[in-house]
Amino acid sequence: MNPGGVIVVSAEFCVTIRAILLVSDVETHTNLVADLRKLRSPMRWTQTFIPTLKEVPSDAEVPSHQLMLRSGMIRQLMAGAYTYMPLGYRVVRKVTEIVREEMDRAGGVELFMPALQPIELFERTGRKEAFGNVLFNFETKRGDRKLHFALGPTHEEVITDLVSRELKTYKQLPVTLYQIQTKFRNEERPRFGVLRTSEFLMKDAYSFGSSLEQLNDAYDAMYNAYCRIFERCGLEYIPVEAESGPIGGDASHEFMAPADNGEDFVVRCKSCGYAANQERADTGRTSSTPAKVDGAAEPQKVATPDAGSIDDVSRMLKADAATFIKTLIYVADGKPVAVLIRGDHEANEGKVRRALDATSVELADEATIEKVTGAPVGFAGPVGIKCAYIADHDIAQIASAITGANEKDAHLTGVVPGTHFELSETFDLRNADAGDPCPKCDATLEIVHGIEVGHVFKLGTKYSESLDANYLDSEDKKHPIIMGCYGIGVTRVVAAIVETCHDEGGIVWPMSVAPYTVELIPLNVTDEEVMAAVNKIYDELKEAGIDVLMDDRDQRPGFKFKDADLIGLPVRVVVGGKGLKEGNAEIKLRTDSEATMVPIGDAVAHVKNLINTNMPSARS
RNA sequence: CGGGAUGUAGCGAAGUUGGCUAUCGCGCCUGGUUUGGGACCAGGAGACCGCAGGUUCGAGUCCUGUCAUCCCGACCA
């Protein structure tokens, strides 16, 4: 080549060169596409790299972490950063491909943005502050210029900036753009192996529209695509109502995979299907005002030395926590406010903030508490408190309560809400809990743990306004573009699948995302007859486009069976021994306890049939 | 960032009130016997006991500091 010289070239040649030059930018994606072809290629165990572990590494506590390490899917580099080994990466690619197919099907258009981003974008949207330490950012030098970069925790800024430059008119809308890319978040505490890491693969999509209808259409399309994705991945999920956005209505849903080790709590109603993030869920109560009791006995003061917690006092007085009024002192927009919650309930800061119509709410420090209650922390109560207070709905239902006496080492018993302290209105101020009435029907709510695997959100114009992303309507008027954003944690989906699909022996992959579909095991690799039969099946599976891993290691059968259960491929085909003498191969699903004997000539057809009947499909 | 725990060979562990050449199982290498649910025999390699100081005649063991990892909490557009 002679890049500096003058060459006359054809237009076609230019396109070729352009394509080559672009490769560096889109290399990852190009490689992914090339790799997908390789996904269909078979593999021999001795030629790949699957280091399985017999024992559980001492650092791993949750099942997905243990199994992904043991099966050789991942290895840790440092806290919150993992290498995806060949086996693990194949699963990532399979999930990625399902995500891509469904995004495309829903009308999404794929692109690829830089992880490296100028800090100015985050300053313009105010998210440098909002993210705080979670945003990886650093200064560096180019010549004598100082540069300040961030590693993208998400891409609202970058894509909105792009769209602000490229999309000008309503005629170009609506459009939904997406990418599959590594995100960086400086988590204070990465944990649970691959479930919460500081670097992870995410599919993020952004919709741009000129009307609420267009936003709603894009939102619904993404919502449905998400359902299809999780169904095709064989992952159980619950769409839950999450924080309602600036536009109101069902502006946000999270997709939760129910799992014992999930960090999120979901309340749901089995009867009507209502489901919501515990923090957002309505408790299903309404405001009530207790009638004033005339002639009620005055509260009794009891000594509770050194007992400042509900636990301590309820033990000391042998009383149920549900008869306590917990008095939490918050500071809302600079003013102290007491929040009354039943002793066995948990206050919810978001609800408190909304009830007070405040912009900031935080728990008060000790000095403020002492000033307001005249007592050290732990002895606050509504009777005689020197600040405003608001009460949860359930407070009005307590006939006779125990509260702090606003005096060191003392509590009051026999406190009647509405009589001994003013109570004209109550609010929903606490987290919903198991047993609460469902806000949508007559049944009661239950609580399940969940792993958040996806989130769809109607953004509105927050980013388009701060980054000047506008369109012109047919009357030449300028409006901010209406946006939605939609994320799936791809690597978290993988972990969630392992977390929920396993047994004592190891992983039990759904057919659709298994690193290979079939594990082919020759019982004795030194036996020529066995190997001839196995190689034939191997070639036929390869010909049929089925992912197969042949365990050609010179190991005893039991050893290979244990590893096969551990890595959890859905179909196991065993050749050798008595079966082979009778001309049979032995075929078994990972979920089966007994194998089926199938004539060797029919093995591949049988496998195909198993794949077809066990492939998870989209219900929606 | 608060609280707790742990760092000994690639993995899992033992190591007593400070004492001899740091132990065991798995894995790894060589040779042999085996071959249907993690085989057996023989031989072998592999560790400055997380790191840095200190106490001591002597430190894996005691003290101080430091780093790393895990767990609980706070935090998580």
Side-chain angles (χ1 to χ4, degrees), chain A residues 51-62 65-66 69-70 72 75-82 121-122 125-136 150 152-157 160 183-193 195-198 200 202 204 206 242-243 245-246 252 254 261 263-264 277 279 349-350 362-363 451-452 455 457 459-460 462-463 466 483 485-487 489 492 504-506 521-527 530 551 553-567 572 574-581 584-586 588 593-595 597:
Chain A
T52 56
L53 301 171
K54 202 179 286 188
E55 291 177 279
V56 180
S58 55
D59 280 345
E61 202 132 310
V62 299
H65 191 197
Q66 295 182 346
L69 284 168
R70 287 190 56 211
R75 286 294 182 261
Q76 184 180 53
L77 176 64
M78 58 182 175
Y82 287 83
L121 281 180
F122 289 91
T125 58
R127 288 216 294 180
K128 182 170 183 281
E129 285 293 305
F131 273 117
N133 197 241
V134 172
L135 184 71
F136 278 110
T154 173
H155 281 68
E156 278 85 1
E157 278 80 2
T160 309
K183 298 288 188 272
F184 298 87
R185 294 183 193 182
N186 191 18
E187 297 288 350
E188 296 299 317
R189 183 153 91 85
R191 64 190 122 164
F192 302 145
L195 273 171
R196 187 172 207 83
T197 51
S198 30
F200 58 95
M202 181 170 173
D204 46 325
Y206 307 89
E243 181 180 335
S252 171
E254 289 166 344
N261 289 302
E263 294 181 83
D264 294 279
N277 191 311
E279 290 173 7
E349 271 188 31
E362 56 181 359
L363 278 169
I451 298 165
E452 184 189 342
H455 196 167
F457 203 98
L459 278 177
K462 176 173 156 57
Y463 295 96
S466 52
M483 292 173 58
C485 69
Y486 318 92
R492 188 181 271 183
E504 303 75 40
I521 302 182
L523 280 182
N524 185 344
V525 295
T526 57
D527 183 321
V530 170
D551 190 350
R553 292 174 299 175
D554 188 7
Q555 290 286 356
R556 296 159 64 87
F559 184 94
K560 295 193 199 179
F561 293 154
K562 288 288 185 190
D563 261 356
D565 287 346
L566 179 60
I567 71 170
R572 194 183 81 183
V574 176
V575 176
K578 280 171 288 183
L580 182 61
K581 286 205 182 75
N584 289 330
E586 176 185 312
K588 146 181 176 342
S593 50
E594 295 296 324
M597 300 305 274

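Chain naming here is simple, since letters A, B, ... match the order of the sequence lines and numbering starts at 1 in each.
- Taking only side-chain atoms of A:F561, from C-beta outward, the nucleotide of B:U35, B:G36, B:G38 with the closest atom is B:G36.
- Between A:T52 and A:D563, the side chains place a donor N or O and an acceptor N or O closer than 3.5 Å (distance only, hydrogens not considered).
- When each of A:S593 and A:F192 is assigned the nucleotide of RNA chain B bearing its nearest heavy atom, the one mapping closer to the 5' terminus is A:S593.
- The distance between atom CD of A:Q66 and atom P of B:G12, rounded to the nearest whole Å, is 12 Å.
- Rounded to an integer number of Å, the gap from NZ of A:K588 to P of B:G37 is 14 Å.
- The CD-C1' distance, from A:E187 to B:A77, rounds to 11 Å in whole Å.
- Residue A:D565 is the one, among A:E349 and A:D565, whose nearest nucleotide of RNA chain B lies closer to the 5' end (criterion: closest heavy atom).
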Legend entry - Protein-to-nucleotide contact annotation, 5' to 3' order, nucleotides 29-34 of chain B [B base; S sugar-phosphate only; - none; under 4.0 Å, heavy atom]: -----B
Please enumerate all protein N or O atoms sitting under 3.5 Å from an N or O of nucleotides 1-7 of chain B, with distances to 0.1 Å.
none

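- In this entry the distance linking NZ of A:K54 with P of B:C26 reads 8 Å, nearest Å.
- In secondary-structure terms, RNA chain B builds stems of at least 3 consecutive Watson-Crick or G-U pairs, each pair having both distances under 3.5 Å, at B:1-7 with B:67-73, B:10-13 with B:23-26, B:28-33 with B:39-44, B:50-54 with B:62-66.
- Judged by distance alone, with hydrogens and angles left aside, the side-chain atoms of A:E187 form no donor-acceptor pair with the main-chain N or O of A:S198 at under 3.5 Å.
- Rounded to an integer number of Å, the gap from A:N524 CG to B:U35 P is 9 Å.
- Using a 4.0 Å heavy-atom cutoff across all strands shown, A:R75 reaches no nucleic acid atom at all.
- What separates NZ of A:K578 from P of B:G36 is a distance of 9 Å, to the nearest Å.
- Between the side chain of A:K560 and the backbone N or O of A:R553, at least one donor-acceptor pair lies under 3.5 Å.
- B:G60 and B:C20 have their P atoms separated by 10 Å, with the value rounded to a whole Å.
- Checked against side chain to side chain donor-acceptor pair (under 3.5 Å), A:E156 has the following partners two or more places apart in sequence or in another chain: A:R127, A:T154.
- Looking at the side chain of A:F559, the nearest of the listed nucleotides B:G73, B:A77, B:G38 is B:G38.
- If you take NE2 of A:H65 and P of B:C70, they are 7 Å apart, rounded to a whole angstrom.
- Comparing the same atom, P, in B:U6 and in B:G10 gives a spacing of 22 Å after rounding to whole Å.
- With respect to A:E55 and A:R70, no salt bridge is recorded, no charged nitrogen being found less than 4.0 Å from a carboxylate O.
- Nearest approach of A:A595 to A:E586, heavy atoms of both residues: CB-CG, 3.3 Å.
- Not a single donor-acceptor contact under 3.5 angstrom links the side-chain atoms of A:Q555 to the base of B:G38.
- Proximity of A:S58 to the phosphate of B:G12: a side-chain N or O atom is located under 4.0 Å from OP1 or OP2.
- Taking both residues in full, the closest heavy atoms of A:L69 and A:L53 are given as O-CD1, 3.8 Å, listed atom of the first, atom of the second, then distance.
- By the ring-ring contact (aromatic ring centres under 6.0 Å, His included) test, A:Y82 pairs with A:H65, sequence neighbours left out.
- Figure legend: A:R185 and A:F131 shown without cation-pi pairing, the cationic atom not lying both under 6.0 angstrom from the six-membered ring centre and within 45 degrees of its axis.
- Distance, A:F184 CZ to B:A77 P: 19 Å, rounded to whole Å.
- In this structure, the nucleotide among B:G73, B:G37, B:G36 sitting nearest to the side chain of A:V574 is B:G36.
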Check the interface with nucleotides 67-69 of chain B: list each N/O to N/O pair with the protein under 3.5 Å, or write none.
{"from": "B:U69", "atom 1": "OP1", "to": "A:A79", "atom 2": "N", "distance (Å)": "2.9"}
{"from": "B:U69", "atom 1": "O2'", "to": "A:D59", "atom 2": "OD1", "distance (Å)": "3.2"}
{"from": "B:U69", "atom 1": "O2'", "to": "A:D59", "atom 2": "OD2", "distance (Å)": "2.8"}

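- A side-chain N or O of A:T125 and one of A:E157 form a donor-acceptor pair less than 3.5 Å apart.
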